[in-house]
Amino acid sequence: MTTQFDPSAAPTAAPSASFTAINPNQALNEAVSFDAHHPPDPKIIDTCVHCGFCLSTCPSYRVIGKETDSPRGRIYLMDGVNEGQIPLSPATVQHFDSCLGCLACVTTCPSGVQYDKLIEATRQQVERNHPRSLPEKLLRRLIFSTFPYPDRLRLLLRPLGLYQKVGLQKLVRSLGILPQLSPQLAAMESMLPPIPPQAFQDTLPEVVPAVGEKRYRVGLLLGCVQRLFNPEVNEATVRVLTANGCEVVIPQSQGCCGALTHHQGQEQQSQALARQTIASFADRDLDFILINASGCGHTLKEYGSILQDDPNYREVAQAFAAKVRDVQEFLADVGLTTKLSPLQEQPLSMVYQDACHMLHGQKISLQPRQLLKQIPGVQLREPLDAALCCGSAGVYNILQPDVAAELGRQKVQNLTNTGASVIASANIGCFVQITKHLELQGKSLPVLHPMQLLDYSIRGIRLDR
């Protein structure tokens with residue numbers, strides 16, 4: 001269900017606590033309730049004191065302006081469903097679906113409410129127990145049967161590449177028919193970037209030796225979407241790591257880590273993808289397992305929780321997760337050992353965009369900035385509302401395109417208002433979302449991963465040439 005809103009009517013201050021009217025006496029046979037398999041934990045629910053600190057940092061609440069589309073409002077609904085007072089109906093589920101899962105409320109909450117655990121459990125319950133409409137089912141089936149599987153997605157990219165080359169994309173967009181047929185499919189099509197030739201095969205070897213003395217042996221996860229739509233990031237990451245004394249192992253059998261499905265409550269599929277990822281990196285004698293996409297990194301670090309009910313994988317998953325590091329987190333910790341060159345003759349103004357699952361999920365904020373500041377001539381600027389989600393949130397900008405579009409507009413406006421000439425972004429979803437809204441606002445500004453910027457600096461590639 002897509003939430004409609006008027007951006008000019010978005011709240012500027014927190015309204016009083018008032019919940020959307022849901023009749024507690026509504027017959028529960030209209031919709032099932034939560035089942036007994038890991039429902040939202042009442043103990044965690046009870047830690048919420050409904051203070052309202054989460055409201056100003058919740059992106060969906062700031063756009064939609066309804067209490068039930070805020071963290072504390074959703075917690076109220078979770079409690080009601082748990083207690084059998086509120087049905088798991090379409091009216092209830094739409095408020096769970098409107099959550100971006102950005103975890104800003106977890107950072108803000110003075111009571112330490114683990115909202116991330118609550119929304120994760122709730123989404124799994126929704127996917128098991130809530131009968132979605134046929135269009136919703138078909139769209140989700142398309143997403144979850146293609147996006148997490150690079151080889152399947154490559155098959156889809158071939159006709160899409162032809163669609164771009166022969167001019168059909170320009171024609172379809174000019175006619176404006178697709179948004180009328182399906183806003184979700186229109187949102188998906190609007191984010192389709194130019195498809196690079198490298199998208200159709202993985203070109204990186206299984207082992208890349210360190211340059212000079214080997215300091216570490218690390219594994220690298222390529223990401224299922226990133227390796228197709230922005231493969232330059234992985235290539236740059238390998239060059240940066242090897243230049244700083246790392247031998248890089250890239251298992252050819254690796255696939256999706258399960259982040260995309262995990263964030264949308266696809267429990268069994270996420271568990272299967274987690275097991276596959278663990279098996280791909282097993283027996284490799286690795287010091288660390290690195291990832292350069294923040295959404296993936298957060299999920300990888302949660303493998304112990306994702307596989308907590310699997311006696312064969314529980315301890316293995318915990319050991320795997322203990323080795324996972326975001327590549328920026330890792331490099332900031334072990335230190336750069338190679339020389340960095342200026343990216344242009346004059347000082348370079350740059351703004352770093354905090355990806356939600358890095359900032360709020362992994363608590364990584366200073367490390368990327370510390371690395372970028374080591375590039376000679378870089379001047380970092382901070383945007384307004386830096387901690388506010390850009391609206392990508394995995395596949396949220398496909399499933400909830402209206403709210404995502406408003407958040408994307410705000411994010412790009414805040415980033416460009418800094419006057420920076422380069423945007424640094426460390427997540428593929430953010431990259432696609434920001435690039436799209438830069439184009440919509442008629443602004444031309446490079447969006448580069450910090451690993452690309454470090455790679456250019458190491459190789460002496462100038463941005464002003």
Are [X] and [Y] packed together at the side-chain level, in the sense that at least one heavy-atom pair is separated by less than 4.5 angstrom?
{"X": "Val403", "Y": "Tyr396", "value": "yes"}
{"X": "Gln226", "Y": "Asn292", "value": "yes"}
{"X": "Leu331", "Y": "Leu241", "value": "yes"}
{"X": "Gln184", "Y": "Pro135", "value": "no"}
{"X": "Arg74", "Y": "Cys58", "value": "yes"}
{"X": "Glu120", "Y": "His262", "value": "yes"}
{"X": "Val316", "Y": "Tyr303", "value": "no"}
{"X": "Ile64", "Y": "Ser98", "value": "yes"}

In terms of heavy-atom contacts, does NZ of Lys363 have more than 12 from other residues, nucleotides or ligands at under 6.0 Å?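 Enclosed: over 12 neighbouring heavy atoms sit under 6.0 Å from NZ of Lys363.
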
I'd like to know if the side chain of [X] and the backbone of [Y] have a donor-acceptor N/O pair within less than 3.5 Å.
{"X": "Ser421", "Y": "Ser349", "answer": "yes"}
{"X": "Gln328", "Y": "Leu371", "answer": "no"}
{"X": "His95", "Y": "Glu67", "answer": "no"}
{"X": "Arg72", "Y": "His50", "answer": "yes"}
{"X": "Arg227", "Y": "Gly223", "answer": "yes"}
{"X": "Arg381", "Y": "Thr418", "answer": "yes"}
{"X": "Gln125", "Y": "Asp35", "answer": "yes"}
{"X": "Ser33", "Y": "Val81", "answer": "yes"}

Applying the side-chain contact (heavy atoms from CB on, under 4.5 Å) criterion to Leu448, which one of Asn230, Leu454, Leu453, Val233 satisfies it?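 Checked Asn230, Leu454, Leu453, Val233 against Leu448; only one passes side-chain contact (heavy atoms from CB on, under 4.5 Å): Leu453.
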
Option among Thr277, Ile289, Ile278 that satisfies the side-chain contact (heavy atoms from CB on, under 4.5 Å) test with Leu300: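 For Leu300, the side-chain contact (heavy atoms from CB on, under 4.5 Å) check succeeds only for Thr277.
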
Any carboxylate oxygen within less than 4.0 angstrom of a Lys/Arg side-chain nitrogen, looking at [X] and [Y]?
{"X": "Asp41", "Y": "Lys117", "answer": "no"}
{"X": "Glu382", "Y": "Arg369", "answer": "yes"}
{"X": "Lys43", "Y": "Asp46", "answer": "no"}
{"X": "Asp333", "Y": "Arg325", "answer": "no"}

For the residue pair [X] and [Y], confirm or rule out a side-chain donor-acceptor distance under 3.5 Å.
{"X": "Ser270", "Y": "Thr261", "result": "yes"}
{"X": "His38", "Y": "Asp309", "result": "yes"}
{"X": "Ser425", "Y": "Gln353", "result": "yes"}

Could you tell me how the ring of Phe320 sits relative to the ring of Phe281: parallel (under 30°), tilted (30 to 60°) or perpendicular (over 60°)?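 Taking Phe281 first and then Phe320, their aromatic rings stand perpendicular (interplane angle over 60°).
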
Can you tell me how far CG of Asp116 sits from NE2 of His263, rounded to the nearest 0.5 angstrom?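 Reported to 0.5 Å precision, the distance equals 10.0 Å.
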
List the atom of [X], the atom of [Y], and the distance in Å for their closest heavy-atom pair.
{"X": "Ser294", "Y": "Gln362", "result": "O-NE2, 3.1 Å"}
{"X": "Gln370", "Y": "Ala332", "result": "OE1-CB, 4.1 Å"}
{"X": "Pro59", "Y": "Leu100", "result": "CG-CD1, 3.6 Å"}
{"X": "Cys390", "Y": "Gln433", "result": "O-NE2, 3.0 Å"}
{"X": "Pro383", "Y": "Val351", "result": "CD-CG2, 3.7 Å"}
{"X": "Gly255", "Y": "Gln276", "result": "N-NE2, 4.1 Å"}

Please walk me through it: do Arg409 and Glu406 pass salt bridge (charged side-chain N to carboxylate O under 4.0 Å, His left out)? CA-CA 5 Å; Arg409 184 195 67 79; Glu406 173 60 15; 2.8 Å; yes

